[in-house]
Amino acid sequence: MTRLLAAVLALILCLPLCAIAEETTGVTSSAVEPAAKGLRISEIMASNTETLEDSFGNTADWIELHNTTDQPIDMTGMYLSDTKKDLERYQFPDGLVIEPDAYLIVFASGLKKNVADELHTPFKLSASGESVYLMQDGLAVDIVTFPQQISDVAYALDEDGTYSFTSTATPGEANEITPVED
């Protein structure tokens, strides 16, 4: 009986802490992992002036995804967003597959539809910094918060799992971290 009482008391004391954690992130966690575990936001450029052009000749912001697994990942039911208030701002087309160790570029151009073989989100990224959310079934697959951007300098995932600015943007390829000179 004493153990049960102690367990109930511990649970009651823990609930406010769980609510605080959910309030600060706005994204709930779950014991269930998203099916797309291994898919990463690997590179972001929120101030693209000459690095990469879309099919219109525009230099829109862009987000690179990398399938780090040895299995194809179906993007059906997955979303990208730049706000936790609406985690389903951009839905990937049904049947879109990222092959093993492949990369996918998504232009954050503000367009409301995909064109040709390009993906375009209805939102743009803020060069002053913000978060990018990759979601599946209401669960976060990956979230990257980036600081203020420098024109044509990417914010990229390094081999050690940290993000760094790099003067060598590599859209659609493995990241190469080259320190940014002042």
Side-chain angles (χ1 to χ4, degrees), residues 11 13-48 52 54 58-69 73-98 103-115 118-151 153-158 160-166 169 171 175:
L11 180 61
L13 293 173
C14 180
L15 286 176
L17 294 175
C18 293
I20 291 169
E22 184 175 328
E23 262 181 43
T24 58
T25 64
V27 179
T28 58
S29 61
S30 171
V32 178
E33 292 185 7
K37 184 179 177 185
L39 185 60
R40 299 297 309 264
I41 299 170
S42 61
E43 195 169 358
I44 295 171
M45 186 171 285
S47 184
N48 179 25
L52 182 63
D54 63 17
N58 297 326
T59 52
D61 305 335
W62 52 270
I63 302 161
E64 176 189 73
L65 304 180
H66 179 210
N67 177 355
T68 65
T69 74
I73 294 178
D74 185 347
M75 301 296 290
T76 301
M78 296 181 80
Y79 300 87
L80 267 179
S81 183
D82 66 336
T83 177
K84 62 184 170 186
K85 292 179 182 178
D86 181 4
L87 294 169
E88 297 182 354
R89 285 190 80 184
Y90 173 76
Q91 182 175 6
F92 287 93
D94 289 348
L96 175 66
V97 173
I98 302 179
Y103 297 85
L104 177 70
I105 299 296
V106 181
F107 287 100
S109 61
L111 291 178
K112 303 230 185 273
K113 62 180 180 177
N114 299 320
V115 289
E118 291 179 342
L119 303 176
H120 288 262
T121 68
F123 59 87
K124 296 180 179 184
L125 298 176
S126 172
S128 63
E130 65 178 329
S131 296
V132 176
Y133 303 85
L134 177 60
M135 305 294 295
Q136 179 183 34
D137 299 326
L139 301 173
V141 175
D142 200 9
I143 302 170
V144 175
T145 300
F146 61 89
Q148 184 167 347
Q149 298 284 287
I150 303 165
S151 292
V153 172
Y155 194 63
L157 183 61
D158 202 344
D160 66 2
T162 61
Y163 286 85
S164 304
F165 285 112
T166 177
N175 294 343

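Throughout, residue positions are numbered sequentially from 1 according to the sequence presented.
The two residues E43 and A156 have their closest heavy-atom pair at CG-CB, 3.9 Å. Taking all atoms of both residues into account, the shortest heavy-atom contact from M45 to A169 is CE-CB, 3.7 Å. When every heavy atom of Q136 is checked against every heavy atom of A36, the shortest pair comes out as OE1-N, 2.9 Å. When all heavy atoms of N48 and D61 are compared, the pair lying nearest together is N-OD1, 4.2 Å. Minimum heavy-atom separation, I63 to L125: CG1-CD1, 3.9 Å. N67 approaches I98 most closely through the heavy-atom pair ND2-O, 3.0 Å.
With rounding to the nearest 0.5 Å, the separation of CG in L134 from CD1 in I41 is 5.0 Å. Rounding to the nearest 0.5 angstrom, the gap separating the CE atom in M135 from the CD atom in Q91 is 13.0 Å. Separating the CZ atom in F107 from the OG1 atom in T59 is a distance of 9.5 Å, to the nearest 0.5 Å. The OG1 atom of T121 sits 8.0 Å away from atom CG of L111, with the distance rounded to the nearest 0.5 Å.
Among pairs with a residue in residues 137-150, those fulfilling salt bridge (Lys or Arg N to Asp or Glu O under 4.0 Å) read R40-D142, at least two apart in sequence or across chains.
Although no hydrogens or angles enter the test, the distance criterion places a donor-acceptor pair under 3.5 Å between the side chain of T76 and the main chain of G95. A distance-only check finds no donor-acceptor pair linking the side chain of N58 to the backbone of A60 [under 3.5 Å]. A donor-acceptor distance shorter than 3.5 angstrom exists from the side chain of N175 to the backbone of S42, with no hydrogens or angles considered. A donor-acceptor pair under 3.5 Å is formed between the side chain of Q149 and the backbone N or O of P147.
Considering only residues two or more places apart in sequence or on other chains, F146 meets the ring pair (Phe, Tyr, Trp, His ring centres under 6.0 Å) condition with none of them. In this view, D94 satisfies the side chain to side chain donor-acceptor pair (under 3.5 Å) rule with no residue, not counting sequence neighbours. Y79 is linked by a ring pair (Phe, Tyr, Trp, His ring centres under 6.0 Å) to nothing, counting only residues two or more places apart in sequence or in another chain. With sequence neighbours left out, the side chain to side chain donor-acceptor pair (under 3.5 Å) criterion links T166 to no other residue. F123 pairs by the ring pair (Phe, Tyr, Trp, His ring centres under 6.0 Å) definition with nothing, not counting sequence neighbours.
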(request) Applying side chain to side chain contact (heavy atoms under 4.5 Å, CB included), run through M78 and L96 and close with a yes or a no. (result) CA-CA 10 Å; M78 296 181 80; L96 175 66; over 6 Å; no
(request) Go through the steps for T145 and Y163 under the test side chain to side chain contact (heavy atoms under 4.5 Å, CB included), then give the verdict. (result) CA-CA 10 Å; T145 300; Y163 286 85; over 6 Å; no
(request) Decide side chain to side chain contact (heavy atoms under 4.5 Å, CB included) for D54 and W62; before the verdict, give the C-alpha distance in whole Å, the side-chain angles of both, and the deciding distance to 0.1 Å. (result) CA-CA 10 Å; D54 63 17; W62 52 270; over 6 Å; no
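For the residue pair H66/E64, the side-chain donor-acceptor check at 3.5 Å is not satisfied.
Proximity of V106 to F92: side-chain heavy atoms (C-beta onward) are separated by under 4.5 Å at one or more points. Residues R89 and T83 are in side-chain contact: their nearest non-hydrogen atoms beyond the backbone lie under 4.5 Å apart.
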